[in-house]
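So that we are looking at the same thing, I have put the structure below in structure tokens.
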Amino acid sequence: MSEPTSADNVLMDFDLLRKLIVGIGEVADISGVPQRQIRYWEDKGIIQSVKEGEGTTRKYDYLNIKKVLLVKDLLDDGYTLDAAARKVEERMKTINEVFARLSAQNSTP
DNA sequence: GTTCTCACA
DNA sequence: TGTGAGAA
């Protein structure tokens, strides 16, 4: 009877994204970017990794994966790491606002 | 399974 | 800029 509304749908996707944290291997496989390159960008400061507990294995959250995917596309378009990083950061600003908005709704009973 | 450094093109 | 290999 209760049909999923667009609002409920977006919340379901958001819940999935904020829980989607995988290692560099998964990101490299899904993003198609060699693990070497992913770490390379992270070293440049284009993207950041989240450390899990004490392990040294860096995990990448949806936002980081999005950056890798975005930077890869930008680089393929003829952009350089510096140019791609700038565009990605601007895009992250928008995504961050959406995340904060969804986070508030998800945390609001 | 991941991470680090060194070196090269 | 991106990758190779070895080592821990």
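Convention: sequence-line order gives letters A, B, ...; per-chain numbering from 1. All values reported here derive from a predicted model rather than from experimental measurement.
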What is the distance from atom CD1 of A:Ile21 to atom CG of A:Asp61, rounded to the nearest 0.5 Å? 6.0 Å
Expected list for residues 69-79 of chain A: side-chain donor-acceptor pairs under 3.5 angstrom, two or more places apart:
none

Between C:dT3 (C1') and A:Ile38 (CD1): distance, integer Å: 14 Å
Would A:Lys44 and A:Tyr40 count as a cation-pi pair here, with the cationic atom under 6.0 angstrom from the ring centre and within 45° of the axis? yes
Could you list all N or O pairs between the protein and nucleotides 1-3 of chain B that sit under 3.5 Å apart?
{"from": "B:dT2", "atom 1": "OP1", "to": "A:Gly25", "atom 2": "N", "distance (Å)": "3.1"}
{"from": "B:dT3", "atom 1": "OP1", "to": "A:Arg58", "atom 2": "N", "distance (Å)": "2.7"}

Side chains of A:Ile38 and A:Ile47: does their closest heavy-atom pair fall under 4.5 Å? yes
Assess whether salt bridge (Lys or Arg N to Asp or Glu O under 4.0 Å) is satisfied between A:Arg86 and A:Asp82, documenting all intermediate values. CA-CA 6 Å; A:Arg86 291 182 198 182; A:Asp82 194 67; 2.5 Å; yes
Can you tell me how far P of B:dC6 sits from CG of A:Asp43, to the nearest Å? 13 Å
Short side-chain N/O contact to C:dT3 OP1/OP2 from A:Gln37, under 4.0 Å: yes
Are there any protein N/O atoms within less than 3.5 Å of an N/O atom in nucleotides 5-8 of chain C, and if so, which ones and at what distance?
none

Find out whether A:Met92 and A:Lys66 are in side-chain contact, i.e. whether some heavy atom of one side chain is under 4.5 Å from a heavy atom of the other. yes
Going by heavy atoms in the side chains, are A:Arg58 and A:Val50 under 4.5 Å from each other? no
To the closest 0.5 Å, what do you measure between OG (A:Ser31) and CD1 (A:Ile65)? 8.5 Å
If only side-chain N and O atoms of A:Trp41 are considered, is one of them under 4.0 Å from the OP1 or OP2 phosphate oxygen of C:dT1? no
